[in-house]
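All figures in this text were calculated on a predicted structure; none of them were measured in a lab.
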Amino acid sequence: MSEEKSLNFIEEIISQDLASGKYASILTRFPPEPNGYLHIGHAKSICLNFGLAQHFGGKTNLRFDDTNPAKEDIEYVDSIKEDVKWLGFEWAKECYASDYFDQLYAYAVQLIEKGLAYVDDSTAEEIAQQKGTPTIPGTGNAFRNRSIAENLALFADMKAGKFADGEKVLRAKIDLASPNMHMRDPLLYRIKRAHHHRTGNQWCIYPMYDFAHGQSDSIENITHSICTLEFIPHRALYDWCIEQLGIYPSHQYEFARLNMTYTVMSKRKLLQLVEEAHVESWDDPRMPTISGMRRRGYTPESIRDFCDRIGIAKRENIIDLSLLEFCVREHLNKIAQRRMVVTNPIQLIITNYDKGEEVLHSENNPEDPNGGSREVPFSNELWIEREDFMEVPTKKYFRLGPGLSVRLKSAYIITCDSFEKDAEGNITKVFASYHPDSKSGQDTSGIHVKGTLHWVSAKHAIPVVLNEYDRLFSVEDLSTAEGDFKDYINPNSLHKVKAYAEPALANDSLDARFQFLRKGYFYQDAKSTKDHLVFNRTVTLKDTWAKEQKK
RNA sequence: UGCCUGAUUGUGUAACGGUAGCACGACUGUUUUUGGUGCAGUUUGUCUUGGUUCGAAUCCAGGUCAGGCAACCA
């Protein structure tokens with residue numbers, strides 16, 4: 001293989017654990033709560049967890065952290081499974097925290113029996129108040145001293161549904177003065193009458209995250225439980241539960257979550273964008289969701305490559321969107337079928353072309369010698385881009401203008417002779433003559449031109465619609481922007497454009513990736529039909545001319 | 001005011017007491033029937049003050065800055 005890539009801190013830990021014989025093999029898990037769609041931040045975690053297992057010869061479970069029925073739904077479970085598969089990963093077991101509800105309940109009873117948990121009748125407000133603040137120790141209440149027998153009975157009654165929602169909770173008895181707020185007698189169970197998407201109405205008490213997650217890891221024999229930085233203060237509790245219960249010691253490790261420029265990465269905010277119709281749906285191609293990116297035309301390979309490149313560390317980060325764009329372009333350049341599409345057309349008449357029409361050939365992908373070619377009809381009446389003609393060309397402009405010559409891609413070199421304008425001064429027609437001996441592939445004209453234009457034969461063109469996407473937000477770093485994040489939504493994140501496409505596109509497979517020459521990479525939209533072809537722009541091509549013009 | 005993390009070029013990420021490297025971005029040049037791609041090159045960095053050491057991004061002490069922690073959310 002190639003030279004060794006340095007290990008990130010988690011790989012470092014794992015290789016030591018393996019070398020020391022602490023574990024014979026590793027087992028990781030990806031544990032989403034099914035309360036929303038997965039986004040590119042989850043992709044980082046998925047690639048990490050599954051990637052670790054692949055790299056070190058272990059396995060990964062997919063576990064749904066479904067301990068809060070009020071927010072969760074089967075719809076999300078299904079989408080999550082689809083997204084993980086699409087990214088190219090296979091889980092060893094499909095698990096649910098709800099599968100462990102009986103076991104978890106038994107664990108809670110064990111804690112009570114050890115005098116390490118108690119039923120508290122206080123209200124949420126009272127409990128919050130009694131917890132104190134980070135600088136002021138908490139104070140206990142009378143419930144803390146209930147007898148084991150009483151706690152056992154009360155907890156059984158909680159389970160049996162003898163109390164109303166919120167009337168009682170089960171708490172761990174740890175340390176109300178702990179400098180770690182999470183150790184100040186954290187809640188273990190709450191009463192909540194809600195329909196659970198898997199257990200139905202079987203339960204009216206549900207374990208809290210802190211009482212479910214570590215134990216679920218332990219039950220599955222997860223060796224390395226990897227989560228994001230905000231769970232660092234939970235680790236003490238994670239370890240406490242495992243130790244007091246005397247169960248398999250899974251260990252938690254934390255890394256920094258992904259942030260990206262020009263977008264948001266929280267399920268809550270993404271949900272808001274959907275619910276308030278700032279975007280069409282969870283899979284709107286502007287969304288940073290996996291489903292949105294898939295619909296936009298991102299490939300799983302490019303997303304995995306991206307996750308590889310951003311690395312894993314503990315420091316807060318914000319990744320440039322341009323890195324993601326680089327990754328897709330790099331992959332798409334290798335696999336995309338080249339096609340010609342004109343979006344803002346002006347008519348080009350080739351005055352000396354008297355053959356009527358002919359069929360030319362153009363390569364599907366210059367990067368792929370085996371990519372073959374396609375037929376492209378040519379005639380004396382073409383569409384070219386309006387911006388490819390300039391009445392008074394500027395100095396570095398090497399496209400079409402009066403007296404200037406360019407090549408029509410895969411066709412002939414032409415020279416512009418004249419043009420027409422309407423009353424308002426808009427160019428309506430451009431007239432040119434072609435050089436018959438300059439035909440693509442058999443050019444003997446000796447003419448050298450700097451520009452090559454894409455084009456479409458007017459009478460052969462088929463109408464298509466292009467969705468040209470731009471960034472969802474107008475500021476780079478939403479986390480430092482003041483006020484509501486929605487104030488920064490880019491009002492021009494979508495341009496729907498009508499365009500003329502070469503006929504080959506009508507017969508192309510729905511699943512193909514395209515590069516529309518000089519315009520960008522496109523992918524057929526989920527709602528596109530034969531009669532109404534719609535393409536989503538995945539990403540533009542790099543455009544050094546646009547950059548030059550800005551100067 | 002407490003506790004916990006962290007700080008390396010514009011952005012990420014390496015260097016595990018011994019040459020601060022890589023990628024993206026930006027900028028040059030070159031190739032090109034896509035102003036794409038490819039190729040070659042340039043560019044900017046160890047938060048700060050002390051200390052240990054022949055030698056510190058790395059170890060120690062203090063400071064600064066940033067983020068997290070007081071949901072019957074995960």
Check: According to the 5.5 Å centroid and 30° plane-angle thresholds, does A:Trp545 stack upon the nucleobase of B:rG35?
Finding: yes
Item checked: Distance, C1' atom - from B:rU9 to B:rC27, rounded to whole angstrom -> 15 Å
Margin query: Between B:rA70 and B:rC16, how many Å separate the two C1' atoms, rounded to a whole number?
Written below: 38 Å
Next item on the list: With the side chain counted from C-beta on, respond yes when A:Phe514 and A:Asp508 share a heavy-atom pair under 4.5 Å apart, and no when they do not.
Entry: yes
Margin query: Would you say that A:Ser98 contacts A:Thr67 through its side chain, given a criterion of any heavy-atom pair below 4.5 Å between the two side chains?
Written below: no
Notebook entry, point to check: Taking A:Phe64 as the fixed residue, which of A:Tyr96, A:Tyr76, A:Tyr100, A:Phe30 is the one that meets the ring pair (Phe, Tyr, Trp, His ring centres under 6.0 Å) rule?
Noted result: A:Tyr96
Margin query: Check whether A:Thr133 reaches the backbone of A:Ile136 with its side chain - one donor and one acceptor, N or O, closer than 3.5 Å.
Written below: yes
Margin query: Within the 4.0 Å limit for protein heavy atoms, which parts of nucleotides 41-47 of chain B are touched? Write it as a string from 5' to 3', B for base, S for sugar-phosphate only, - for none.
Written below: -------
Margin query: Using OP1 and OP2 only, check whether a side-chain N or O of A:Lys192 sits under 4.0 Å from B:rC73.
Written below: yes
Checklist line | A:Arg190 vs B:rA74: side-chain N/O to OP1/OP2 distance below 4.0 Å | finding: yes
Check: If you look only at pairs with a residue in residues 432-453 of chain A, which of them pass as a ring pair (Phe, Tyr, Trp, His ring centres under 6.0 Å), with sequence neighbours excluded?
Finding: A:Tyr353-A:Tyr434, A:Tyr412-A:Tyr434
Using nucleotides 27-30 of chain B, report all nitrogen or oxygen pairs with the protein that are shorter than 3.5 Å.
| residue | atom | partner | partner atom | Å |
| --- | --- | --- | --- | --- |
| B:rU28 | OP1 | A:Lys551 | NZ | 3.1 |

Check: Closest nucleotide of RNA chain B for A:Ala313 versus for A:Arg338: which of these residues is on the 5' side?
Finding: A:Ala313
Check: When the nearest nucleotide of RNA chain B is assigned to A:Ala124 and to A:Pro233 on a heavy-atom basis, which residue is associated with the more 5' position?
Finding: A:Pro233
Assess [X] against [Y]: is NZ or CZ under 6.0 Å from the centre of the six-membered ring, and within 45 degrees of the ring's axis?
X	Y	value
A:Lys192	A:Tyr206	no
A:Lys269	A:Phe485	yes
A:Lys314	A:Phe255	no

Check: Aromatic rings A:Trp455 and A:Phe378: how do their planes relate, parallel, tilted or perpendicular, breaks at 30° and 60°?
Finding: perpendicular
Margin query: For A:Gln129, is the CD atom crowded, meaning more than 12 foreign heavy atoms sit under 6.0 Å from it?
Written below: no
Show the distances under 3.5 angstrom between N or O atoms of the protein and N or O atoms of nucleotides 62-66 of chain B.
none

Whole Å only: how far is the [atom1] atom of [X] from the [atom2] atom of [N]?
X	N	atom1	atom2	value
A:Leu453	B:rG36	CG	P	15 Å
A:His234	B:rC3	NE2	P	19 Å
A:Asn317	B:rG67	CG	P	14 Å

Next item on the list: Kindly express the pairing pattern of RNA chain B in dot-bracket notation, using | wherever a base pairs with another strand and counting only Watson-Crick or G-U pairs under 3.5 Å.
Entry: .((((((..((((....[..)))).(((((.......)))))....(((((..]....))))))))))).....
Using a cutoff of under 3.5 Å, can you pull out all pairs of nitrogen or oxygen atoms linking the protein to nucleotides 17-19 of chain B, with atom names and distances?
none

Note to self: I'd like to know if A:Arg518 reaches the base of B:rU34 with its side chain such that a donor and an acceptor end up less than 3.5 angstrom apart.
What the structure shows: no
Next item on the list: With the side chain of A:Lys131 defined as its heavy atoms from C-beta on, choose the nearest nucleotide among B:rA70, B:rC73, B:rA23.
Entry: B:rA70
